[in-house]
2 protein chains.
Amino acid sequence: MNTSILVSPGRLIGAVPMRPPTQGQVESRPIISFIDGQSIYSPGQRAGQAYRVEFGAVRVYRVLANGRRQILAFHFGGNWFGLQNEDRHRSTAEAIGATGVKSVSLQEDPHIWQGLLPAVLENFLSAQEHQLVIGRQSAVERVAGFLLEMSDRSGHSHRFELFMPRVDIADYLGLTIETVSRSLTKLKKKGIIKLHGARGIEIVAYGVLQKLCL
Amino acid sequence: MNTSILVSPGRLIGAVPMRPPTQGQVESRPIISFIDGQSIYSPGQRAGQAYRVEFGAVRVYRVLANGRRQILAFHFGGNWFGLQNEDRHRSTAEAIGATGVKSVSLQEDPHIWQGLLPAVLENFLSAQEHQLVIGRQSAVERVAGFLLEMSDRSGHSHRFELFMPRVDIADYLGLTIETVSRSLTKLKKKGIIKLHGARGIEIVAYGVLQKLCL
DNA sequence: CGGGTCTTTGAATAGTTTCAAGTACAGTGG
DNA sequence: CCACTGTACTTGAAACTATTCAAAGACCCG
């Protein structure tokens, strides 16, 4: 039995004990299905559920008063999201493509939090890494890093399909769709990547891409 | 007895149970003192301690290969930091001015994590809020928001002293010191704030400042 | 094969950074 | 008490990067 399903493959668990099995309480749950763009939760809605992606993908974002959107995170199979300490959501979670999630109630069984701690810490770490990206990297560096991230999360494949449209990438990286497109074109012209249609990405020079995003 | 010391004043605790008192285990600890600029932990160092600021302030940051720095968070009295799931630190934590912290070991007593969960969730929420700031706000908006944040954390005072130099503000907001300076000048010329020396800030038009950062 | 959406490309603009001085401030020693 | 010195901060001008606005091109689905 694999008790480390709570964390992404390849990530070490250091100080955090993995004792209490959230496992059983989650696996027995039904999968809730969502269609592309359907919202899983919205701002103002009561929180109190934690969600795990079973298939498909999820974007979590917030929108400023003037309409500018920032995608805080993408979540894929196995990732937990929706974990928070306030009683109402501030962000929106939406399905990207056909998506299935399982959820557990946090109120019913407060014990569940223990098993979710590694997931919270992982979300936290991702948020910090992303601060570095959007705070201190250029457009090409951000896009390069994004492709590597997507490659990793597609099982370290050199050839993969992006789940999301350009506008999602832009709002995740703090750029515009035009800048994302231009950055991809630059990487393509340098022979570092190849584009197969709008969503298909092939990483030709993995090492160069890694050097690019520092 | 106040069991909500783990969270900043004014923040609601929703779904998270506050049961296990990390409290007693922390209060009995000695205060460790640091001088200005002294590092509390550095990248590569073994993690396994959680820290709480007793007095002074702490900056947590990461540096990219090319030397660009991003301050991930500032921590003031009562704030917890250093919480993570990996066994080695990736970031640096440094004292800003004379600073005292208490620390608890996470390995010795894994139970401690339960009491720290609200702190982790709060750090996570702050990181998300900050993504929005550096991803989607202009320079003046960022600085305006920063001043409000510092005002809040100084007990909602309209007149307060900044703990940190411009370079820290810049690296926190993903800007340069010149842009921070120019933004402050703009706010000053509009009569929204007054500057008293380099560190003293007086918010004249609180409402206007709030509208500015959306 | 057609229609609508998503993506790319181009040109002009706006905002931030970079480089370079100049100014204010705190601490030190005369 | 005041000049001196180093650091921190502000200001200006030029360069650069990303955005905005506009249009053309590619792709997907029925």
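A note on names: the letters A, B, ... follow the listed sequences, proteins ahead of strands, and every chain is numbered from 1.
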Are any non-hydrogen side-chain atoms of B:Q70 and A:Q137 less than 4.5 angstrom apart?
no

Do you know which two heavy atoms are closest between B:S91 and B:V60, and how far apart they sit?
OG-CG1, 3.6 Å

Looking at CD1 of B:I193 and CG of B:L209, how far apart are the two atoms once the value is rounded to the nearest 0.5 Å?
7.5 Å

Could you list where the contact with chain A starts and ends along DNA chain C, reading 5' to 3', using a 4.0 Å heavy-atom cut-off?
C:dT7 to C:dA11

Shortest non-hydrogen contact from A:S39 toward A:F34:
O-CE2, 3.8 Å

Could you state the interatomic distance from OG (B:S42) to NE2 (B:H89), rounded to the nearest 0.5 Å?
8.5 Å

So B:G174, base contact, sugar-phosphate only, or nothing? Heavy-atom distance under 4.0 Å.
sugar-phosphate

Hey, does A:R199 reach any base, or is it just sugar-phosphate, or nothing, if we go heavy atoms under 4.0 Å?
sugar-phosphate

For A:R136 and A:E141: C-alpha separation, side-chain torsions, deciding distance, then whether salt bridge (charged side-chain N to carboxylate O under 4.0 Å, His left out) applies.
CA-CA 9 Å; A:R136 287 293 178 223; A:E141 288 167 354; over 6 Å; no

Kindly state which residues belonging to residues 131-138 of chain A come within less than 4.0 angstrom of DNA chain D, counting heavy atoms of the residue only, listed by number.
A:S138

When the axes are fitted on five pairs at both termini, how much does the helix from C:dC1-D:dG30 to C:dG30-D:dC1 curve, in 10° steps?
40°

Give, for atom CG of A:N85 and atom CH2 of A:W113, the distance between the pair rounded to the nearest 0.5 Å.
7.5 Å

Interatomic spacing from CG in A:L162 to CD1 in A:I201 - rounded to 0.5 Å:
4.5 Å

Can you measure from CD (A:E54) to CG (A:N79) and round to the nearest 0.5 angstrom?
11.0 Å

Minimum heavy-atom separation for A:K102 and A:I31, please, with both atom names.
CE-CG1, 3.6 Å

Per the salt bridge (Lys or Arg N to Asp or Glu O under 4.0 Å) rule, which among B:R62, B:R69, B:R166 passes with B:D171?
B:R69

Is A:L116 close to A:L106 at the side-chain level, that is, under 4.5 Å between some pair of heavy atoms?
yes

Ignoring hydrogens, what is the shortest heavy-atom contact between A:R142 and A:I134? Give both atom names and the distance.
NH2-O, 3.4 Å

Suppose the criterion is ring-ring contact (aromatic ring centres under 6.0 Å, His included): which pairs have a residue in residues 161-181 of chain B, not counting sequence neighbours?
B:F74-B:Y172, B:F76-B:F163, B:H130-B:Y172, B:F146-B:Y172

Could you go through the side-chain contact (heavy atoms from CB on, under 4.5 Å) check for B:H75 and B:N123 one step at a time?
CA-CA 10 Å; B:H75 298 288; B:N123 280 337; 3.6 Å; yes

So, with a heavy-atom separation below 4.0 Å from DNA chain D, the residues of residues 176-194 of chain B are B:E178, B:S181, B:R182, B:T185

With a strict under 4.0 Å distance from non-hydrogen atoms of chain B, what nucleotide opens and what nucleotide closes the contacted stretch of DNA chain D, reading 5' to 3'?
D:dC9 to D:dA13

